[in-house]
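Atoms within each ligand, like the ligands themselves, are counted from 1 in listed order. What you see below is based on every heavy atom in this structure, not just the backbone, and it leaves out hydrogens, waters and symmetry mates.
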Amino acid sequence: MAGLASAVKLASFLCIIFIAPWMASAALVQHNFTIGTQNVTRVCNTETIVTVNGQYPGPTITVDEGDNLIVEVQNDGPYNVTIHWHGVKQFGSPWADGPSYITQCPIAPGNKYTYNFTITGQEGTLWWHAHILYLRATVHGALVIKPGAGNDYPFSEPDDEIPIILGEWWNANVQDVILDAIATGAVPNDSDAYTINSQPGDFFPCSSNDTVRFLVEMGKTYLLRIVNAAMIHTSFFKIAQHNMTVVAMDAVYVKPYTTDVLLIAPGNTMDVLITTDQEVGLYYVGTRVYNSQPDGTQYLNTSATAILQYEGALNTSTPLLPDFPDYNDTDTAFNFSSSLRSLNSSVPQTVDVEMYITEGLGLITCPDNSCPENNGVRGVGSFNNISFVDPDIAILQAYYNDIDGVFTRDFPDNPPVEFNYTEADIPLSFWAPDTGTRVKVLEFNSTVQVVFQNTGIITFESHPIHLHGHDFYLVGQGFGNYNNETDPANFNLVDPQMLNTLGVPTGGWAAIRFVANNPGVWLVHCHFESHSSLGFDMVFLTYNGPEDADIVPPPPSDLPQC
Ligand SMILES: *[C@@H]1O[C@H](CO)[C@@H](O)[C@H](O)[C@H]1NC(C)=O
Ligand SMILES: *[C@@H]1O[C@H](CO)[C@@H](O)[C@H](O)[C@H]1NC(C)=O
Ligand SMILES: *[C@@H]1O[C@H](CO)[C@@H](O)[C@H](O)[C@H]1NC(C)=O
Ligand SMILES: *[C@@H]1O[C@H](CO)[C@@H](O)[C@H](O)[C@H]1NC(C)=O
Ligand SMILES: *[C@@H]1O[C@H](CO)[C@@H](O)[C@H](O)[C@H]1NC(C)=O
Ligand SMILES: *[C@@H]1O[C@H](CO)[C@@H](O)[C@H](O)[C@H]1NC(C)=O
Ligand SMILES: *[C@@H]1O[C@H](CO)[C@@H](O)[C@H](O)[C@H]1NC(C)=O
Ligand SMILES: *[C@@H]1O[C@H](CO)[C@@H](O)[C@H](O)[C@H]1NC(C)=O
Ligand SMILES: *[C@@H]1O[C@H](CO)[C@@H](O)[C@H](O)[C@H]1NC(C)=O
Ligand SMILES: *[C@@H]1O[C@H](CO)[C@@H](O)[C@H](O)[C@H]1NC(C)=O
Ligand SMILES: *[C@@H]1O[C@H](CO)[C@@H](O)[C@H](O)[C@H]1NC(C)=O
Ligand SMILES: *[C@@H]1O[C@H](CO)[C@@H](O)[C@H](O)[C@H]1NC(C)=O
Ligand SMILES: [Cu+2]
């Protein structure tokens with residue numbers, strides 16, 4: 001149906017003088033996703049993986065801002081599935097957001113569900129992925145949103161675009177990896193390779209024949225559309241000998257920022273311009289994992305690589321390798337993530353709801369000694385000392401249908417106990433959070449400020465916190481404990497960056513602001529999938545507003561039931 005979209009665009013171009021742009025712009029873009037399995041070989045190992053339309057990574061969806069996207073998902077795979085449209089605000093379509101047991105029950109094997117939503121007021125790169133257990137390791141793809149009819153990029157039109165999806169590969173069935181960890185209480189096994197467009201590249205075994213090559217011509221400008229679909233790891237990203245200019249992040253334009261290194265957390269997307277102004281040759285494009293924990297673990301110290309290949313370069317010459325930051329280079333990480341500014345900002349100047357939310361890891365005792373392999377305890381994640389428990393039916397369904405006993409509306413605005421969140425050795429008495437399915441209620445249109453405070457329980461770590469249904473302004477961040485008297489004075493209320501996923505500084509805090517203008521049920525979670533699967537989640541429930549457009553609509557007739 002891309003043909004229809006471009007036909008409509010062409011028609012609107014030809015008719016521009018006769019009809020107003022708003023009449024012409026919205027097109028219907030339809031895709032069919034068939035979930036299935038595929039045998040795929042990476043790093044000397046063949047695995048049966050779950051895919052969409054047989055593709056890994058899955059299909060790229062391209063729309064214009066303002067388009068109505070309809071994706072019919074047929075689950076012919078062996079597992080329950082849902083699809084999340086990461087970063088899409090879903091105004092008026094909360095049933096299409098996708099997180100399992102939050103806005104919908106899973107699509108069971110053999111069943112079908114149609115996601116139907118309109119993408120308004122967002123341009124750039126987003127992505128889609130499965131939102132249940134570990135399926136998103138292979139079930140993911142890019143969602144490219146071009147400016148709508150009559151609009152241009154706020155930078156000169158690039159000569160071409162290069163989609164880049166960062167990921168991770170397991171020499172194992174990824175569902176077993178997480179289900180084993182949930183059963184035993186242990187940390188899930190780490191991946192066996194990092195990937196770029198699903199290929200590990202030259203530094204992993206049995207991989208170099210398939211290293212991805214981006215063929216470019218001298219003297220052109222390319223728009224890299226980078227998606228970090230990795231499951232657990234935040235990465236530095238570099239291209240040998242080439243500077244990069246960041247022009248958007250999470251499909252929000254930023255003031256152009258030129259750098260030789262990016263930091264990109266799982267969940268984040270970045271639009272980056274490069275100019276091919278170096279000698280004809282081969283240049284590695286690569287990632288180096290950033291470990292924000294002070295534990296000295298370098299994980300796989302090998303970089304995923306692809307090759308930027310200039311036209312005229314010898315296929316067989318040796319590419320130049322970039323000089324990566326150290327795996328533990330928090331200075332470089334913080335410098336990058338505090339350097340971006342939004343191009344157009346309307347940050348709320350006043351706040352109605354103020355929350356201070358601790359986020360981090362913990363340990364709870366397994367009931368009935370059910371995890372002896374892990375010394376009777378399991379690792380969990382929590383917000384404000386509550387580790388989230390998935391309900392049996394989706395929270396949005398329970399809310400819409402007034403079903404009691406599924407969740408409670410008492411998520412706290414502050415940590416239950418005050419302590420030094422960032423001291424090195426936090427007493428064990430603070431390590432075990434409560435468990436529950438508690439949501440924070442927001443009145444329609446209220447302005448919300450949340451300060452996320454990382455705790456050092458088990459370890460400090462930069463957790464990428466993702467908010468569904470909204471973008472938020474990052475108004476301030478720092479290391480140590482947030483100080484509510486002195487830190488607000490340094491907030492940027494002029495041109496802060498807007499995001500949907502934020503790596504809170506390790507052992508530090510970050511303050512965000514957003515307007516609760518989207519009635520529905522919206523998940524907030526750590527985008528390290530192992531953490532989210534272990535309760536590192538919380539939920540906002542935004543009540544309806546006065547206008548028809550501000551009321552949660554009835555569920556689609558094919559909404560899966562539990
Ligand atoms: C999607 O599948 C339906 C049948 O379920 C078919 O009618 C339709 O043409 C397909 N659409 C596309 C875009 O392939
Ligand atoms: C994958 O390989 C297994 C054997 O290892 C085979 O039984 C199965 O049919 C293959 N699946 C596909 C989709 O090719
Ligand atoms: C998508 O949603 C719109 C608005 O709710 C509705 O008019 C339209 O019929 C839906 N389309 C499909 C294919 O369900
Ligand atoms: C996880 O790693 C352990 C130790 O290497 C191994 O025994 C186990 O089979 C792995 N689990 C999965 C699901 O691959
Ligand atoms: C890579 O390609 C070479 C030459 O075609 C071939 O001999 C070799 O077996 C291939 N290696 C792998 C792991 O496929
Ligand atoms: C990258 O930008 C820096 C700072 O502007 C500059 O010094 C350097 O020469 C540039 N490198 C390349 C390869 O263009
Ligand atoms: C990775 O670490 C191992 C063990 O410390 C070391 O031998 C190897 O050279 C390292 N590889 C890279 C690419 O740094
Ligand atoms: C990074 O790790 C290395 C050892 O792996 C250590 O020597 C160095 O001090 C660490 N740097 C920081 C900033 O922690
Ligand atoms: C919290 O702990 C850190 C690290 O030990 C220390 O530097 C800081 O002074 C402590 N803060 C307070 C308020 O005690
Ligand atoms: C919500 O806020 C917007 C922007 O401030 C305002 O235009 C609108 O009137 C408000 N709606 C309600 C119901 O308060
Ligand atoms: C500010 O922080 C102090 C110390 O953590 C706390 O006691 C106080 O309640 C906070 N004030 C507000 C308004 O949150
Ligand atoms: C799939 O989802 C349904 C509905 O929630 C649930 O009853 C069933 O147990 C799930 N199946 C698996 C294998 O998790
Ligand atoms: Cu996390």
What verdict does the salt bridge (charged side-chain N to carboxylate O under 4.0 Å, His left out) test give for Lys89 and Asp471, after you've listed the backbone C-alpha separation in whole Å, the side-chain angles of each residue and the deciding distance to 0.1 Å? CA-CA 8 Å; Lys89 291 181 193 166; Asp471 291 337; 3.7 Å; yes

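Protein heavy atom nearest atom 8 (C) of ligand 2, with residue, atom name and distance: Asn39 ND2, 3.8 Å. The shortest contact between atom 13 (C) of ligand 2 and any protein heavy atom is with Thr37 O, 3.7 Å. For atom 7 (O) of ligand 11, the closest non-hydrogen atom of the protein is Glu418 OE1, 3.3 Å.
Using a 4.0 Å cut-off between charged nitrogen and carboxylate oxygen, Asp413 and Lys440 count as a salt-bridge pair.
Neither the backbone nor the side chain of Glu485 comes within 4.0 Å of ligand 11, counting heavy atoms alone.
Residue-to-ligand polar distances keep Asp392 apart from ligand 12: every N/O pair is separated by 3.5 Å or more. Polar contact check, Asn80 against ligand 12: a nitrogen or oxygen pair lies under 3.5 Å apart. Taking any N or O of Gln38, backbone or side chain, none lies under 3.5 Å from an N or O belonging to ligand 2.
Heavy-atom distances between Pro106 and ligand 12 reach below 4.0 Å in at least one pair. At least one heavy atom of Tyr101 sits less than 4.0 Å from an atom of ligand 12.
His525 and His131 have perpendicular rings, their planes meeting at more than 60° on a 0 to 90° scale where under 30° would count as parallel. Between Phe452 and Phe383, the angle of the ring planes lies from 30° to 60°, which puts this pair in the tilted group. Between Trp522 and His470, the ring planes lie perpendicular to each other; the angle is over 60°, past the 30° to 60° tilted range. In this structure, Phe528 and His531 have perpendicular ring planes: the angle between them is above 60°, well past the 30° mark. Classified by interplanar angle (parallel below 30°, tilted 30° to 60°, perpendicular above 60°), the ring pair Trp169/Tyr56 is tilted. Ring pair Trp85/Phe117 is tilted by interplanar angle, where 30° to 60° counts as tilted.
Against a heavy-atom cut-off of under 4.0 Å, Cys562 is close to the following atoms of ligand 12: 4 (C), 5 (O). Which parts of ligand 11 touch Asn484 is read off a 4.0 Å heavy-atom cut-off, strictly below it: atoms 1 (C), 2 (O), 3 (C), 8 (C), 10 (C), 11 (N), 12 (C), 14 (O).
Atom 11 (N) of ligand 12 lies below 4.0 Å from at least one non-hydrogen atom of the protein. Of the protein's heavy atoms, at least one falls inside 4.0 Å of atom 2 (O) of ligand 2. In this structure, atom 5 (O) of ligand 12 has a protein heavy-atom contact shorter than 4.0 Å.
Side chains of Thr435 and Ser387: a donor-acceptor N/O pair is absent below 3.5 angstrom, by distance only.
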